[in-house]
Amino acid sequence: MLDHLIRGATVVDGTGAPAHVADVGIRGGRIAVIAAPGSVEEPARTAENAEGFVLAPGFVDPHTHYDAQLFWDPYATPSLNHGVTTVAGGNCGFTLAPLHPDRPEDADYTRRMMSKVEGMSLVALEEGAPWNWHSFGEYLDALEGRIAVNAGFMVGHCTLRRHVMGEAAVGGQPTESQMARMVQLLHDAMDAGAWGLSTTQSSTHSDGDGQPVASRHATPAELIALSRAVGEHEGTQLEAIVAGCLDQFTDDEIDLLVDMTTAAGRPLNWNVLTIDAAVPERVPRQLAASERARQAGGRIVALTMPILTPMNMSLGTFCALNLIPGWGDILDLPVSSRIEKLRDQDVRAEMLRRADSKEAGVFRRLANFERYVIGDTYSDANEGLSGRVVRDIAAERGQDPFHCLVEICAADRLRTVLWPMPADNDPASWELRQRTWQHEDVMLGGSDAGAHLDRMCGAPYTTRFIGDCLRGRELVPLEQAVKMLTDDPAQLFGLRERGRIAEGFHADLVLFDPERIAAGPATLVHDLPGDSPRLDSKAIGVVSVRVNGVEVIRDDQVTGAVPGTVLRSGRDTRTVATN
């Protein structure tokens, strides 16, 4: 007997093949039958009529930071609401394990680092997770049987370094014996099911003490040694971030990434390829790394987002503005001193000069203050400004845009929420994205779901992209869009029997209304442990989401079921060839 029968759905199977109408039967967590409408004779415990709806494989998000959130939110919201049934975590060199059993202070260091570098609520990290593990395997075991999504995790280089080197991980170099222990610790993590190694060399990544995170102190030799270890395990990967990911790679960075993928014999993915027609040289420069890797027998895959994800800013709390060269020195001052400096015309002029310099890289886009929209305000002086564009307010006041913005924020003691309007929303940029998506080493992803929760909400990129393909720009047909969100990432990670609607595959499925599918606007909610805030977005037109055959979402509401699996390398992933 079938557990469930979906009748008359328009099946988009994830392979890119034309859509077709079929009945799909589920048994034992897998797709048991795909047949012409009305031809399934086997009885089913439950059934539903899906005429007019699209049935697609569950979406796979290749870059998330749900490592902690899954403990207090087993549904990985809002990703699950938007059809994501499999998430890849442990990215950017940051994981919650392994933790040294004799140094309980390492857990506190890790929480403060995650709070700083990934914008996670420190209170939520402290109160929402049990922190009852030491080894990476114990961390995975702590999640097993209690999550609604399928989740796989890289092991973070920063945590490996901290475990072996203690405080010397920041600023120090491992001895020969410490390097051997780091490699062994990585082997142990992959034996337990880690998907591979993630690391960062990005200049934007600092720990809770404001120091460069541990992996930024690693030499190329250390990274190559760890990469070789990854290549000794089935179904593993590399994920790496370097400073040039934000704008354009240096020659040395390309050499490092190529050496890592070839040493491991495994694909390496990086995050995130920013596509902007105003900087036409960026895409070919970034994809030069992929071309070099293929020539050397490796593979480097760039993740890029198919939507524009708005991120709010503030002069009062840490955000991307702090990452503009020279700006952190001002924005890290106490509030009163910060306001005094920001009101100094010479200081503002120097800040704008630094923001427009080549060294600012992709952050140059943030300094176009006339295009900022005022969000939440907190003083009588700013009443009526929410939703207005700084350009218009500045013109009324006879001020330059940055000065105007500073005065608005100063009236709120710098609590004002600011929304920069994207500069790359022009037709030429969308045409460039469409062309870039066709490259064999470009893949959709980079949501950062689970991180920067009060600043951005990238998780709904799946429904927003599908809706745009059906009723918006229509840059790719539906069948191709679904493949880009399902089979493509499943193939990169070597997921076994996931990413497609095929008989025998796991029944990870999303059923949606093609006339309605979309994502609602990002809204601030206070539902994290400790009443901490985050941005959320409603899924529109998603009828049902199933994980391993069990319904977990119905009409944007969680059902309470937790059928997800902790996906472990080798058992749940196969090795993906690099050539």
Practice problem: Begin from the C-alpha positions of Asp555 and Lys538 and carry the test salt bridge (Lys or Arg N to Asp or Glu O under 4.0 Å) through to its verdict. | Solution: CA-CA 10 Å; Asp555 296 328; Lys538 297 296 184 183; over 6 Å; no
May I ask you to decide if [Y]'s main-chain N or O and [X]'s side chain share a donor-acceptor pair within less than 3.5 Å?
X	Y	value
Tyr372	Leu366	yes
Thr486	Val482	yes
Asp454	Pro533	no
Gln286	Ala302	no
Thr304	Leu444	no
Arg7	Gly38	no
Arg471	Pro514	yes
Asn150	Val87	no
Thr95	Ala97	yes
Thr236	Gly196	no

Is [X] salt-bridged to [Y], cutoff N-O under 4.0 Å?
X	Y	result
Arg455	Glu118	no
Arg30	Glu503	no
Arg498	Asp508	yes
Glu42	Arg27	yes
Arg574	Glu497	no
Asp424	Arg365	yes

If you take all heavy atoms of [X] and [Y], which pair is closest and at what distance?
X	Y	result
Ala561	Ala148	O-CB, 3.5 Å
Ala449	Ser79	CB-OG, 3.6 Å
Leu96	Trp131	CD2-CH2, 3.8 Å
Tyr66	Ala76	OH-O, 3.3 Å
Cys469	Ala481	SG-CB, 3.8 Å
Asn322	Thr317	OD1-O, 3.9 Å

With a 4.5 Å cut-off on side-chain heavy atoms, are [Y] and [X] touching?
X	Y	result
Asn312	Met456	no
Phe59	Thr85	no
Ile553	Thr559	no
Thr204	Leu246	yes
Met443	Pro489	yes
Leu80	Val552	yes
Ile408	Ile393	yes
Ile517	Asp513	no

Please round to the nearest 0.5 Å and tell me the distance separating atom [atom1] of [X] and atom [atom2] of [Y].
X	Y	atom1	atom2	result
His63	Met305	NE2	CE	10.5 Å
Arg473	Glu431	CZ	CD	13.0 Å
Phe94	Met154	CZ	CE	13.5 Å
Glu551	Ser544	CD	OG	3.5 Å
Met311	Asp448	CE	CG	7.0 Å
Asn382	Arg388	CG	CZ	11.5 Å

Quiz prompt | Set of side chain to side chain contact (heavy atoms under 4.5 Å, CB included) partners for Asp487, sequence neighbours left out | solution =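 Once residues adjacent in sequence are excluded, the partners of Asp487 under the side chain to side chain contact (heavy atoms under 4.5 Å, CB included) criterion are Lys483, Gln491, Arg500.
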Self-check item: Partner set under side chain to side chain contact (heavy atoms under 4.5 Å, CB included) for Asp531, not counting sequence neighbours
Solution: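 Expected list: His526.
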Self-check item: Residue pair Glu144, Arg568: steps toward the salt bridge (Lys or Arg N to Asp or Glu O under 4.0 Å) verdict
Solution: CA-CA 11 Å; Glu144 194 71 78; Arg568 304 189 188 231; 3.2 Å; yes
Quiz item: Would Tyr139 and Phe153 count as a close aromatic pair, with their ring centres under 6.0 Å?
Solution: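 Distance test on ring centres: under 6.0 Å, yes.
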Quiz item: When the aromatic ring centroids of Tyr461 and His82 are compared, is their separation below 6.0 Å?
Solution: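 No: the rings miss the under 6.0 Å criterion.
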Practice problem: Verify salt bridge (Lys or Arg N to Asp or Glu O under 4.0 Å) between Arg496 and Asp572, making sure each step is shown before the conclusion. | Solution: CA-CA 6 Å; Arg496 297 183 187 272; Asp572 300 302; over 6 Å; no
Quiz prompt | From CA spacing to verdict: side-chain contact (heavy atoms from CB on, under 4.5 Å), Cys457, His452 | solution = CA-CA 8 Å; Cys457 190; His452 312 293; over 6 Å; no
Self-check item: Steps toward side-chain contact (heavy atoms from CB on, under 4.5 Å) verdict (Trp133, Leu99)
Solution: CA-CA 7 Å; Trp133 57 81; Leu99 298 174; 3.7 Å; yes
Between the side chains of [X] and [Y], does any donor sit under 3.5 Å from an acceptor?
X	Y	result
Thr64	Asp61	no
Asn81	Thr77	no
Asn91	Asn271	no

Quiz prompt | Criterion ring-ring contact (aromatic ring centres under 6.0 Å, His included) on Trp195 and Phe136, from CA distance to verdict | solution = CA-CA 11 Å; Trp195 281 16; Phe136 198 84; over 10 Å; no
Practice problem: Mind running side-chain contact (heavy atoms from CB on, under 4.5 Å) on Trp437 and Leu475 for me, showing each step along the way? | Solution: CA-CA 10 Å; Trp437 296 340; Leu475 296 180; 3.9 Å; yes
Quiz prompt | Glu440 atom CD, over 12 foreign heavy atoms within 6.0 Å | solution =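 Result for CD/Glu440: enclosed.
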Quiz item: side-chain contact (heavy atoms from CB on, under 4.5 Å) between Val547 and His506: does it pass, once the steps are laid out?
Solution: CA-CA 8 Å; Val547 174; His506 298 278; over 6 Å; no
Quiz item: What's the verdict on side-chain hydrogen bond (donor to acceptor under 3.5 Å, both in side chains) for Asp412 and Ser379, showing C-alpha distance, side-chain angles and the deciding distance?
Solution: CA-CA 5 Å; Asp412 284 335; Ser379 67; 2.8 Å; yes
